[in-house]
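Contents: one structure, followed by commentary.
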Amino acid sequence: MIEWHDQGAVLAVRKHGETSVIVDVFTENHGRHAGVVRGGISRKMTPHLQPGGQVALTWKARIEDQLGSFTFEPIKSRAAAVMNDPMALSALNSITAMLAFALPEREAHSYLYADSMTLLDKLGTDANWPLDYLQWELSMLEELGFGLDLSSCAATGGRDDLIYVSPKSGRAVSRKGAGEWADRMLPLPQCLLGQAPLEYREIQRGMMTTGHFLNRFAAEMGGRPIPVARDRFMDRLGKRAAQEPAPFAG
Amino acid sequence: MDAGRKDIDALIDLMAKLPGLGPRSARRAVLHLIKKRGRLMGPLADAMKAVSENARECVKCGNIGTGTICDICASEKRATGQICIVEDVADLWAMERAAVFRGRYHVLGGTLSALDAIGPEELRIPLLISRVRDEGITEIILALNATIDGQTTAHYIADELSGTCTVTSLAQGVPIGGELDYLDDGTITAALNARKGF
């Protein structure tokens, strides 16, 4: 019998038979891992198996390749903190759906795990969490092999006036470096460089850029569509951005 | 398999597919039915046949009844201007058991789910919006489950109906008879956030 102990955040839960569920968890040391939780649809267990919930796990299986089963102890529920905040709730949906979508099973991603847990803890409690969300998507791209390099201009090598991202290389491009190709470039939100305050409009533009590379990743993974939860979060951001005062022209 | 038991075994197989029953308990139930053939099995078979022929979804609310429009939607007494939105028919029946809500219902038939790619079009949300417009609804009560999917759906509906009527939702917190020591921290947080004057 193989057995390990770990902790992680619940990503998704699917009914399995009459009383059990298959839980997909992003664990600290074993990456994204699934297992059966017997009695998982009971009234006692359901509140702890909500997406985003932190649990201490024991996984057991007869052989390594089996689905195996989980027993768990709840550590922290994150649902209550976001349930009354539609934007934070849609962000939590997006985070859990994107992790379940993008990460391979049983492969540890310790940096992304740490970033994900920090972000999940900030949802609905820290005013700057939308910027953290955008940075989290950058971390995820990095982990997936599509990291962006925003340190200097891909064309000139300069570090000033970086306002674009190249859709091909994923490197920052300055206004001067873009030249006549400017209309083909992706936007680089200045809040990502620490040069502008947090604005929902900017986060939304940043997500268009990260979305471009996530779509490229999805295309390489067999063309599966990006989870709609991310689109719904972007819609929420868009609604919030529409309430912001218009930026200065020029 | 004994040829003389073919029909009985077929019945056991079918019964074993019901929720809560396995092959062993299905066999016990069938044996019980056979022993009480006249008093239980015959009437049960008649009732099942009748329901199988007549049961249908109410075209307005999604409740299950035997007519095109269910009794609740047909009743003029329940035209209070309130619609209670529930996820499933079982939730509607649970609300009716409590016998405190005197308005009408709308059964969504599920919740939005990113994992299962269930969007608003797969639920009865467009129908709800047209009901609110056509039936002069003044209040929508969101009685969806206190789960991530349930509340995601609730916020979506609240957004869609924003400005057309009052949108309220069921309170979340300590259940009647619940002891704090046994509650999960999420429920305690929700209960504390929704505290009221005493």
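To find a chain, count down the sequence lines: A is the first, B the second, and so on, and within it residues start at 1.
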Any donor-acceptor pair under 3.5 Å linking the side-chain atoms of B/Asp184 with those of A/Ser77? no
Which atoms of A/Pro51 are under 4.5 Å from chain B, going by heavy atoms: the side chain, the backbone, both sets, or neither? both
Whatever's closer than 4.5 Å to a heavy atom in chain B on A/Lys44 counts as neither
Against chain A, work out which of B/Asp185, B/Asn193, B/Thr189 has the most heavy-atom pairs shorter than 4.5 Å and name it. B/Asp185
Taking every non-hydrogen pair under 4.5 Å, which of B/Pro19, B/Ala190, B/Ala154 racks up the most with chain A? B/Pro19
How about A/Arg38: does its CZ atom have over 12 heavy atoms from other parts shown lying under 6.0 Å from it? no
Quick test of your reading of the model: are A/Arg236 and B/Asp159 salt-bridged, counting only N-O distances below 4.0 Å? yes
Please classify the contact between A/Ala100 and chain B as side chain, backbone, both or neither, with a heavy-atom cut-off of under 4.5 Å. neither
Can you tell me if A/Lys239 has over 12 outside heavy atoms packed within less than 6.0 Å of its NZ? yes
Turns out that what part of B/Leu183 lies under 4.5 Å from chain A's heavy atoms comes down to neither
With a 4.5 angstrom heavy-atom cut-off, is it the side chain or the backbone of A/Leu49 that approaches chain B, or both, or neither? neither
Tell me whether A/Arg106 at atom CZ has more than 12 heavy atoms from other residues, nucleotides or ligands lying less than 6.0 Å away. yes
The interface call for A/Arg14 against chain B, heavy-atom contacts under 4.5 Å, is side chain
Identify which of A/Val228, A/Asp235, A/Asn93 forms the greatest number of heavy-atom pairs closer than 4.5 Å to chain B. A/Asn93
Of all of A/Asp231, A/Thr96, A/Leu11, A/Leu89, which one pairs up most often with chain B through heavy atoms under 4.5 Å apart? A/Leu89
Please classify the contact between B/Leu192 and chain A as side chain, backbone, both or neither, with a heavy-atom cut-off of under 4.5 Å. neither
If we only count heavy atoms from C-beta on, is the A/Asp85 to B/His155 side-chain gap below 4.5 Å? no
Determine whether more than 12 heavy atoms belonging to other residues, nucleotides or ligands lie under 6.0 Å from atom CD of A/Glu73. no
Toward chain B, the part of A/Pro86 with a non-hydrogen atom under 4.5 Å: both
Between B/Pro120 and A/Arg232 the two heavy atoms that sit nearest each other are CD-NH2, 4.3 Å
Looking at CG of A/Asn84 and OG of B/Ser169, how far apart are the two atoms once the value is rounded to the nearest 0.5 Å? 7.5 Å
Identify the two heavy atoms, one from A/Met83 and one from B/Ala146, that lie closest to each other, and give their separation to 0.1 Å. CE-O, 3.1 Å
Okay, side chain of A/Gln50, backbone of B/Ile148: is any donor-acceptor separation there less than 3.5 Å? yes
Would you mind checking which part of A/Arg230 comes under 4.5 Å of any heavy atom in chain B, side chain (CB onward), backbone (N, CA, C, O), both or neither? neither
